[in-house]
Each structure stands twice: as C-alpha cells, then as structure tokens.
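Along the sequence shown, residues carry numbers from 1.
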Amino acid sequence: MNQTLPSPTSSNPDRADASIGYVLVPPKQPPGLTTGIGSLVFAVAALLYLPVTAPAALLVAFLTRSPSRAGPLGWVAPTVLWSLPSLCGLISLLLGTASVALARRPTPTGRRTKAWFTGIAGLGVLGLDVAIVAAWIFTTGRIMILF
C-alpha cells in the first residue's frame, strides 16, 4: 500500500503514473463548442416558440383590433407573435457567429473542429427557419400569419 506520487519531471505532465491510472487534466474542449451548441439549441427553439406565442397573439389581436380590421393598434399582435422567435433567432445568430469565429482555425491535420461544425449547423438551421417563415408570410401576404 505504499504508493508514490508521480515525479514532477515526468515526460507527460497531463498524465499521472501509469500504476495509479488516472488523468490529472481532463481533455480540453475546442474553443467555441458550447457557443455552437447554444446556437443550435436557440435556432431550433426559434421555430418552436411560434406556436407558444400564437395564443397570446390571438388574444391581443382580439382585444386590439376593430371589426373593420384597420386600427391604430394593428402592430401589437404581430409584435407579440414574433417576440420570442425573433429573440431566439437573434441569440442563435450571435452565438453561431461567435462559435465560427472562435473555431476559425483548422486542427493541425487540416480538419475543422466540432465547434466550427456546430456553429455552422446552428446558422444553417436558423437560415432554414427564416426561409420557412418568409415563405409562409409571402404565401399569405400578411405578417400576422394567423388570420
């Protein structure tokens, strides 16, 4: 039971003595990985929050619109409808851009890191969200897509 500590002059400072069998320093994540994952999560949430804000937008539209459909508060219902999706989209755009900027250099082997791919995936999903919503709005011709 007499174990010795690894010598400070060992050849690999990240690894302890093989007889002990543990790693002193955990493997490092590539820079920008957490922001890339955050970008991907917020890009998916941007499209999923649209049905969440729809009932509140319908209630606001019911309370603020006149029967002739023209009034001074016609902008309130679309603002309520697009508030959370646009906020999530903006956060996803910022996080995705930061992730790609942090992981801009390839690895020594010439390959891109996981952080770069997650940042690009988050920006791609956000672009797909914008394309779906734009097609939906241009098809109906109104920004308040519910009625």
Member of Leu93, Leu90, Ile91, Leu47 meeting the side-chain contact (heavy atoms from CB on, under 4.5 Å) criterion with Leu126: Leu93
Given Val60, Leu58, Thr64, the one that forms side-chain contact (heavy atoms from CB on, under 4.5 Å) with Val80: Val60
Between CZ on residue Phe117 and CG on residue Leu40, distance to nearest 0.5 Å: 14.0 Å
Reported CG-to-CG distance for the pair Leu123 and Leu128, which is rounded to 0.5 angstrom: 12.5 Å
Heavy-atom check, side chain of Trp116 versus side chain of Leu33, under 4.5 Å: no
Side chains of Ser39 and Ser92 in contact at under 4.5 Å (non-hydrogen atoms):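 Touching, per the 4.5 Å side-chain cut-off.
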In one Ile/Leu/Val/Met/Phe/Trp/Tyr side-chain cluster, 4.5 Å: Val125, Leu48: yes
Single-linkage hydrophobic cluster Leu81~Ile132, side-chain heavy atoms < 4.5 angstrom: yes
Test log, rule side chain to side chain contact (heavy atoms under 4.5 Å, CB included), inputs Thr79 and Trp75: CA-CA 6 Å; Thr79 303; Trp75 59 271; 3.6 Å; yes
Tell me the closest heavy-atom pair linking [X] and [Y], and the distance in Å.
| X | Y | answer |
| --- | --- | --- |
| Gly38 | Leu95 | C-CD1, 3.7 Å |
| Ser99 | Ala115 | OG-O, 2.9 Å |
| Ala46 | Gly89 | CB-N, 3.9 Å |
| Thr53 | Ser83 | CG2-OG, 4.5 Å |
| Thr113 | Ala103 | OG1-CB, 3.5 Å |

Trace of the side chain to side chain contact (heavy atoms under 4.5 Å, CB included) decision for Phe42 with Leu87: CA-CA 9 Å; Phe42 275 106; Leu87 181 66; over 6 Å; no
